[in-house]
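Written below as structure tokens is the structure these notes are about.
Reminder, nothing fancy here: chain letters follow the sequence lines and each chain counts from 1.
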Amino acid sequence: METMEKVYNPKLFEKKWYEYWEKNNYFHADEENEGKSYSIVIPPPNVTGQLHMGHALDNTLQDILIRFRRMQGYNTLWMPGCDHAGIATQAKVEASLREEGTNRYELGREKFLERVWKWKEEYGSRIMFQLRSLGSSCDWVRERFTMDEGCSKAVREVFVSLYEEGLIYQGRRITNWCPDCNTAISDIEVEHETEKGHLWHLRYKVEGEDRYVEIATTRPETMFGDTGVAVHPNDERYKDLVGKTLILPIVERKIPLFADEYVDPSFGTGAVKVTPAHDPNDFEMGLRHNLEEVVVIENDGKMGEGAGKYAGLDRYECRKRLVKELEELGVLIKTEEHEHAVGHCSRCHSTIEPLVSKQWFVKMESLAKPAMEAVKDGRIKFVPDRFTKIYLNWLENIRDWCISRQLWWGHRIPAWHCHNCGETSVSREDLSVCPKCGSKDIAQDEDVLDTWFSSGLWPFETMGWPEKTKTLEKFYPTSTLVTGYDIIFFWVARMVMMGLKFGKDVPFRHVFIHGLVRDAQGRKMSKSLGNGIDPLEVVDKYGADTLRFMLITGNTPGNDMRFYWERVESARNFANKIWNASRYLLMNLAGRDENFTPNKEDYTLSDKWILSRFNAVASGVTENLEKFELGEAARQIYEFLWSEFCDWYIELTKARLYDKDNERPRQTALFVLGKVLEGTLRLLHPFMPFITEEIWQKLPHKGETIMLANWPQVEDRDEAAEKDMSVIMETIKTVRNLRAEVGAAPGHKSEVILSFSDDNLKVLFKEHAGYLNALAAAEPVTFAEGDAPENALSGALNGVQVYLPLKGLIDVEKELARLQKELDGLEKDIKRTEGKLNNENFTKKAPANVVENEREKLSALVEKEKATKERFAALEKMK
RNA sequence: GGGGUUAUAGCUCAGUUGGUUAGAGUGUCUCGUUGACAUCGAGGAGGUCACAGGUUCGAGCCCUGUUAACCCCACCA
């Protein structure tokens with residue numbers, strides 16, 4: 001006979017079962033399996049660092065979906081892996097090099113990459129270990145990495161194809177440059193923040209005249225790169241100046257004053273200095289008006305040659321000193337406070353510097369169109385739906401994607417530049433000779449690709465693309481993508497575009513979006529704040545099941561949630577409740593006949609009730625899981641297990657279980673207990689895989705593991721049993737209420753007298769008086785005929801009158817006051833309900849069942865009022 | 001500047017197509033320790049569903065507006 005610890009202790013079994021599952025290959029997806037497939041690709045965690053609470057949520061959701069479908073009989077694949085995370089990982093390794101007093105340049109590209117690979121081996125496996133601790137049922141033999149051989153091949157294939165189609169091009173453009181990461185980044189990697197700055201008004205002299213043009217700028221240090229000043233064509237103030245030449249202060253360069261539609265006459269002075277090399281708008285104007293680009297800020301954020309004596313200074317230090325000089329020269333007219341949005345690097349938070357450089361871009365328009373169509377026509381559905389709009393809005397306004405990064409860690413761009421003829425050749429195979437001139441003096445492009453370029457191929461590159469594999473055939477498109485709303489643009493949109501282009505179909509059918517896990521104050525968990533909670537710490541202290549349950553309950557899909565230890569405890573208490581309910585059954589299993597099956601007559605009302613309730617829950621849970629309402633599904637199991645199975649059913653089986661002399665009733669109770677508990681464990685397994693397996697294995701069961709057991713089939717409800725049982729339950733609650741009013745101890749037995757509005761109820765209660773004995777400490781239960789007993793508290797509900805003889809003393813005045821208040825409330829309710837029913841508009845227009853409900857409600861209220869009045873009168877007499 | 005989310009009990013949140021007396025967890029108060037569980041059981045208190053209109057027989061839910069908080073997008077120097 002199995003035994004159980006008194007208290008739920010996940011440490012004793014979580015590791016054991018995970019190893020058991022993995023060892024037995026239960027997670028493995030077989031493409032030869034003929035069954036319908038269900039597949040998910042993991043959002044690959046970065047190889048840097050470790051899992052945080054967001055990962056725990058993300059992977060719990062995926063595991064629930066996967067385990068649910070697996071039990072439903074689908075051929076399920078959960079593809080695991082991690083991402084090389086170019087900038088982030090390189091930054092980490094560079095930081096550790098710094099500590100050693102060296103840097104990547106000293107090491108050289110090859111040695112440096114060796115270091116990064118070593119890092120990847122260490123952290124990559126740590127993450128996979130952490131995922132296992134959460135219970136994730138990934139198909140580990142398929143584990144992939146965005147820079148493994150297969151992915152690299154896919155990346156190169158995609159790059160070359162897009163290039164051949166003219167969708168990838170190299171261009172000299174102004175791009176977002178991060179001076180600290182020392183690389184270009186894409187538009188979505190720039191975070192705009194409103195900052196307090198200044199608007200400096202400067203005056204530029206008109207050549208040969210004693211006039212000045214006043215311009216306003218937030219970045220005076222870029223003036224060294226000014227090659228023009230622009231005004232709006234219709235601006236009367238400057239009409240006569242357009243075409244004249246201005247003298248740039250300090251530098252003394254001659255620059256033209258020209259007109260351009262871009263200028264907003266209402267902002268500043270209506271005249272704007274134009275620095276094509278250091279501002280995106282000025283760059284465009286420069287192209288339109290053929291202006292020279294003068295570079296004055298270098299890649300490292302320091303002033304360059306063009307800045308004259310300020311060369312070599314940091315851009316902000318230069319600004320400070322320059323403003324002072326301009327003031328002294330009388331060029332600075334005034335300084336205004338000014339709030340404006342400043343771009344920061346999403347990785348290191350440095351202020352972005354727009355710089356001109358040669359980069360690789362992807363033309364997005366033709367890729368974005370089909371990606372929008374796929375969502376508009378419903379081939380891909382966002383859950384919750386509101387994210388559809390966010391996704392579409394971004395794609396509608398999409399601009400070309402800068403994909404080259406001046407890093408070493410990543411997929412190197414498959415382009416070779418010939419030093420002899422200047423040709424750039426893109427190729428699937430490594431080149432050693434220039435295809436154009438035959439020169440051997442060629443070199444591969446130094447840059448690597450944006451990490452998201454390879455992540456965008458994840459759903460099919462992990463399945464063997466570009467080869468035509470069985471895996472692709474079986475599992476692509478994937479079924480569901482689970483991810484946070486923060487990477488819809490970075491990742492989801494790119495996967496859809498690439499999937500449609502190269503996978504020849506949408507990459508997934510549903511995009512299930514979740515929110516962020518915040519701290520108890522609602523702040524984002526972050527390293528700098530030090531408010532992050534390590535999911536592994538929670539697993540260690542409370543178990544993975546507890547963490548999982550806590551993460552998916554008490555919130556709505558797509559919304560952020562807060563982390564509270566109290567909520568963890570609450571989830572742990574639930575686990576303990578399941579544990580002890582199971583323990584109750586296990587402790588009483590001695591003498592159970594495994595071959596016993598009850599006859600129809602063997603089932604008691606409570607048996608029929610709980611079986612029916614189980615069916616209700618099974619169907620509710622299934623429906624909710626199918627529509628991604630995981631929290632609601634979990635809540636229903638919680639309610640059922642705790643508030644129905646434990647609070648009522650288990651209590652009602654005790655009489656039968658402890659009565660060793662009546663074999664059939666005892667066997668029946670054991671049978672039903674086992675059946676319902678086992679079924680509930682199966683419903684709960686996707687949410688809490690470990691505890692359900694641990695208990696399931698101890699219970700009588702068929703099969704090797706609960707994770708491969710069939711998902712519960714929904715059977716018919718027993719409406720009559722549910723109705724009868726609910727009348728009894730309500731009556732028991734009434735007794736408890738009355739007893740509490742008298743101040744009687746809950747366990748202290750006392751007489752309860754019942755009378756009924758019809759004979760069927762009488763039969764029901766006579767038959768189940770035992771339920772009142774057990775759960776309302778009502779003993780004896782007697783049945784009154786005719787008039788209400790004297791000196792008794794009374795309550796009424798559903799045609800049942802409950803009388804509780806008053807043996808002890810109660811505070812009559814206090815009780816009368818309370819009853820009066822209750823009567824007032826009842827009167828109000830009755831009036832309102834009557835009003836409703838007297839309203840012809842209501843009775844005519846509302847559905848019949850609603851009207852019927854209202855009628856029943858009224859009669860219940862009237863009945864209750866009558867009983868309360870009786871009680872009131874009885875008490876008055878006692879006064 | 002554009003878009004979105006949120007506003008429900010002291011706190012954190014549910015509330016699925018409009019339909020009984022708006023729920024849960026947690027906290028709080030009263031009572032309860034002999035065999036599943038004190039990580040528990042029984043009972044209670046606690047809400048003008050942000051505000052103002054509207055649609056409807058009926059609104060926490062739908063529509064309009066207002067307020068507040070948060071988030072995303074955005075090339076006005």
So which protein nitrogen or oxygen atoms get under 3.5 Å of nucleotides 27-35 of chain B's nitrogens or oxygens?
from    : atom 1 : to      : atom 2 : distance (Å)
rG35(B) : O3'    : Y658(A) : OH     : 3.4

Verify, without hydrogens or angle tests, whether T275(A) (side chain) and A277(A) (backbone) share a donor-acceptor contact under 3.5 angstrom. no
Residues in side chain to side chain contact (heavy atoms under 4.5 Å, CB included) with [X], at least two apart?
{"X": "V323(A)", "value": "W200(A), P220(A), R319(A), L332(A)"}
{"X": "K524(A)", "value": "L516(A), R518(A)"}
{"X": "Y542(A)", "value": "T546(A), W565(A), V568(A), E569(A), R572(A)"}
{"X": "N531(A)", "value": "D519(A), R523(A), M525(A), S526(A), L529(A)"}

Heavy-atom contacts, protein to nucleotides 6-12 of chain B, under 4.0 Å, summarised as B (base), S (sugar-phosphate only) or - (none) per nt, yield -----SS
Under the side-chain hydrogen bond (donor to acceptor under 3.5 Å, both in side chains) test, which residues partner [X], sequence neighbours left out?
{"X": "E193(A)", "value": "H349(A)"}
{"X": "T388(A)", "value": "D385(A)"}
{"X": "W401(A)", "value": "D450(A)"}

Any idea which of [options] is nearest the [X] side chain?
{"X": "V263(A)", "options": "rA77(B), rA38(B), rG43(B)", "value": "rA77(B)"}
{"X": "N737(A)", "options": "rC57(B), rA77(B), rG44(B)", "value": "rG44(B)"}
{"X": "N555(A)", "options": "rA14(B), rA74(B), rC37(B)", "value": "rA14(B)"}
{"X": "K577(A)", "options": "rA77(B), rG43(B), rC37(B)", "value": "rC37(B)"}
{"X": "K6(A)", "options": "rA74(B), rG43(B), rA38(B)", "value": "rA38(B)"}

Mind listing the N/O atom pairs, protein and nucleotides 16-20 of chain B, below 3.5 Å?
from    : atom 1 : to      : atom 2 : distance (Å)
rU20(B) : O3'    : K857(A) : NZ     : 2.8

What residues from residues 213-234 of chain A pass a heavy-atom cutoff of under 4.0 Å to RNA chain B? A216(A), T217(A), T218(A)
Indicate, with a heavy-atom threshold strictly under 4.0 Å, whether D647(A) touches base, sugar-phosphate, or nothing. sugar-phosphate
Can you spot which of F387(A), F512(A), Y391(A) makes a ring-ring contact (aromatic ring centres under 6.0 Å, His included) with F382(A)? Y391(A)
Per the salt bridge (charged side-chain N to carboxylate O under 4.0 Å, His left out) rule, what does the pair list look like for residues 628-644 of chain A, sequence neighbours excluded? R613(A)-E644(A), E632(A)-R635(A)
